[in-house]
Enquirer: 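The structure is given below, and queries will be raised subsequently.
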Amino acid sequence: MGDAAVPYPSVSVVVATRDRPGLLERAVAAILGQVYPGPVECIVVYDHVPVRELDVPMGPYRTLKVISNGRRAGLPGGRNSGVDAATGELLAFCDDDDIWLPAKLSRQVALLADPAVGAVSCGLRLRGPGIDSERVLTRDRVTLDELLTDRVMEVHSSTMLVRRSAWQAAGEVDEDIPGGYSEDYEWLLRLAAHTPIAVCRQPLVVVDWHGGSFYFGRWATIVEAQRYLLRKHPELARSRTGTARIRGQIAFALASGNRRLEAIRELCAVLRLNWREKRVLVTVPVILGLVTGERVLRMAQRRGRGV
């Protein structure tokens, strides 16, 4: 895919999809329309749905592949299939309903001129019904210790650009995590163990915040996935705040799934870790039956947040 006459690293962008016509074309057009002068390869991975060709503008040094997910069904398998087919020196990902702004790649690739940096994120803009806000970090690096304490939502999967060597060091996306829940955070923990993540402090990705989620109401899956995360990453215990955050999510999901006694036991553990953990306040009313977990989650999402 590379060309000796073009002194810019080639980039492969993976878009895993279950096919959302219109939104998918919009995402792919924004990727192929980058002002970046180097080669850009977009790989659309159809996740166990029929593959269809896409009619999008194609400029010089741009290629488009459409393939099927040859791995386990779900987003992790789709992303891994895309990387398997990628030829670029750098790897990136984009959700099929998000939009890259034209300067994203150029500005991020410039930060990868630092050989100590193996990955770059950027700011984002949340846009949806009643929401139009920017999320931009005020620091130039995100480290493993910071990710152990906080998910750092600004480091979104659609913002990431990584060296192939960093991908290989971290390993592929975990296809065993229950339901694929928190797959992006789990992978970021492994990535950050090998390289700091540089931050381009500009909002270069528009995240389509539509207030829905594939995991909405799948409380048992969330409990299993978060417990899997804690088992796989014992280093999370280095941060009492971070552990309380994840166990607070487990408590909320247990309460929302009407597993109240388990939720109470989990909340007791959360309070011992960090009595300031904010998920305690939203979980107690769910345990008491004053409100449903679905309602709490909808209210949070209307503000561009999760629980």
Side-chain angles (χ1 to χ4, degrees), residues 1-2 8-21 23-34 36 38-54 56 58 61-101 104-105 108-109 112 118-122 124 155-175 177 180 182-188 190-191 195 197 204-208 214:
M1 178 181 164
Y8 298 93
S10 55
V11 182
S12 292
V13 187
V14 177
V15 181
T17 184
R18 290 191 172 174
D19 198 5
R20 292 195 269 188
L23 293 177
L24 177 58
E25 280 84 353
R26 183 185 68 177
V28 171
I31 291 165
L32 296 176
Q34 291 288 295
Y36 180 64
V40 178
E41 170 187 67
C42 182
I43 304 169
V44 177
V45 185
Y46 287 89
D47 185 14
H48 294 78
V49 295
V51 172
R52 68 180 177 88
E53 297 297 325
L54 300 175
V56 293
M58 299 281 292
Y61 299 112
R62 299 292 183 266
T63 57
L64 173 63
K65 296 179 182 177
V66 292
I67 65 173
S68 292
N69 176 7
R71 309 283 286 268
R72 183 178 297 183
L75 186 57
R79 287 187 175 149
N80 290 335
S81 286
V83 174
D84 289 344
T87 62
E89 301 165 59
L90 306 178
L91 302 169
F93 306 92
C94 185
D95 290 350
D96 63 0
D97 56 348
D98 293 340
I99 308 167
W100 283 9
L101 298 185
K104 177 184 184 290
L105 282 182
Q108 288 187 300
V109 170
L112 284 177
V120 184
S121 180
C122 66
L124 53 86
V155 185
H156 187 280
S157 56
S158 293
T159 71
M160 294 300 298
L161 178 69
V162 301
R163 297 185 196 275
R164 186 174 284 274
S165 59
W167 166 270
Q168 292 168 340
E172 61 186 20
V173 185
D174 188 347
E175 297 179 29
I177 192 166
S182 285
E183 46 76 29
D184 51 350
Y185 177 54
E186 191 282 323
W187 180 75
L188 283 173
R190 287 186 278 124
L191 178 69
T195 177
I197 300 170
L204 298 174
V205 175
V206 177
V207 173
D208 191 354
F214 175 71

Enquirer: Sub-3.5 Å donor-acceptor pair from the side chain of Glu41 to the main-chain atoms of Lys65, do we have one?
Expert: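 Such a contact is absent between Glu41 side chain and Lys65 backbone.
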Enquirer: Is any side-chain heavy atom of Thr195 less than 4.5 Å from a side-chain heavy atom of Arg163?
Expert: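 No, every pair of side-chain atoms sits at 4.5 Å or beyond.
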Enquirer: Determine, step by step, whether Val13 and Trp100 satisfy the side chain to side chain contact (heavy atoms under 4.5 Å, CB included) criterion, reporting the C-alpha distance in whole Å, the side-chain angles of both residues, the deciding distance to 0.1 Å, and the verdict.
Expert: CA-CA 11 Å; Val13 187; Trp100 283 9; 3.5 Å; yes
Enquirer: With distance as the sole test, does Asp98 use its side chain to make a donor-acceptor pair with the main-chain N or O of Cys94 at under 3.5 Å?
Expert: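 Not at all, since once roles are kept as given, no pair shorter than 3.5 Å links the two residues.
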Enquirer: Keeping Ser10 on the side-chain end and Glu89 on the backbone end, is there a donor-acceptor pair under 3.5 Å?
Expert: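 Pair found, side chain donor or acceptor close to backbone of Glu89.
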Enquirer: Shortest non-hydrogen contact from Val45 to Ser68?
Expert: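 Looking at all heavy atoms of both residues, the closest pair is CG1-C, 4.0 Å.
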Enquirer: Any sub-3.5 Å donor-acceptor pair from Ser81's side-chain atoms to Gly77's backbone N or O?
Expert: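 Flag set: sc Ser81 to bb Gly77 pair under 3.5 Å.
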Enquirer: How would you list, by chain and number, every residue that makes a salt bridge (Lys or Arg N to Asp or Glu O under 4.0 Å) with Arg164, sequence neighbours excluded?
Expert: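 Per chain and number, Arg164 pairs via salt bridge (Lys or Arg N to Asp or Glu O under 4.0 Å) with no residue.
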Enquirer: If only atom types and distance count, is the side chain of Ser12 paired as donor or acceptor with the main-chain N or O of Ala86 below 3.5 Å?
Expert: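 No; judged by distance alone, with no hydrogens or angles, the pair does not exist.
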Enquirer: Quick one: closest heavy-atom pair of Ser121 and Met160, and the distance?
Expert: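 Shortest heavy-atom separation between Ser121 and Met160 comes out as CB-SD, 3.9 Å.
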Enquirer: Would you say Ser158's side chain and Asp95's backbone share a donor-acceptor pair under 3.5 angstrom?
Expert: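 The answer is yes, because a donor-acceptor pair under 3.5 Å joins these two groups.
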Enquirer: Can you sort out the partners of Arg71 under salt bridge (Lys or Arg N to Asp or Glu O under 4.0 Å), two or more places apart, ordered by chain and number?
Expert: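 Here the qualifying residues are Asp84, Glu172, Glu175.
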Enquirer: Any salt bridge linking Asp47 with Arg72? Criterion: basic side-chain nitrogen under 4.0 Å from a carboxylate oxygen.
Expert: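 Salt bridge between Asp47 and Arg72, a charged N being under 4.0 Å from a carboxylate O: no.
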Enquirer: When you measure from the side chain of Gln34 to the backbone N and O of Lys104, does any donor-acceptor pair fall under 3.5 Å?
Expert: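 Looks like yes, one N/O pair under 3.5 Å.
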Enquirer: Restricting to ring-ring contact (aromatic ring centres under 6.0 Å, His included), what partner residues turn up for Trp187, sequence neighbours left out?
Expert: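 Checked Trp187 against ring-ring contact (aromatic ring centres under 6.0 Å, His included); matches are Trp167.
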Enquirer: Inspect the contact between Asp208 and Arg26 and indicate whether a charged nitrogen and a carboxylate oxygen are less than 4.0 angstrom apart.
Expert: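 Yes, this pair counts.
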Enquirer: Will you find, in the side chains of Thr17 and Asp96, an N or O donor that is under 3.5 Å from an N or O acceptor?
Expert: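 Yes, side-chain donor-acceptor contact under 3.5 Å.
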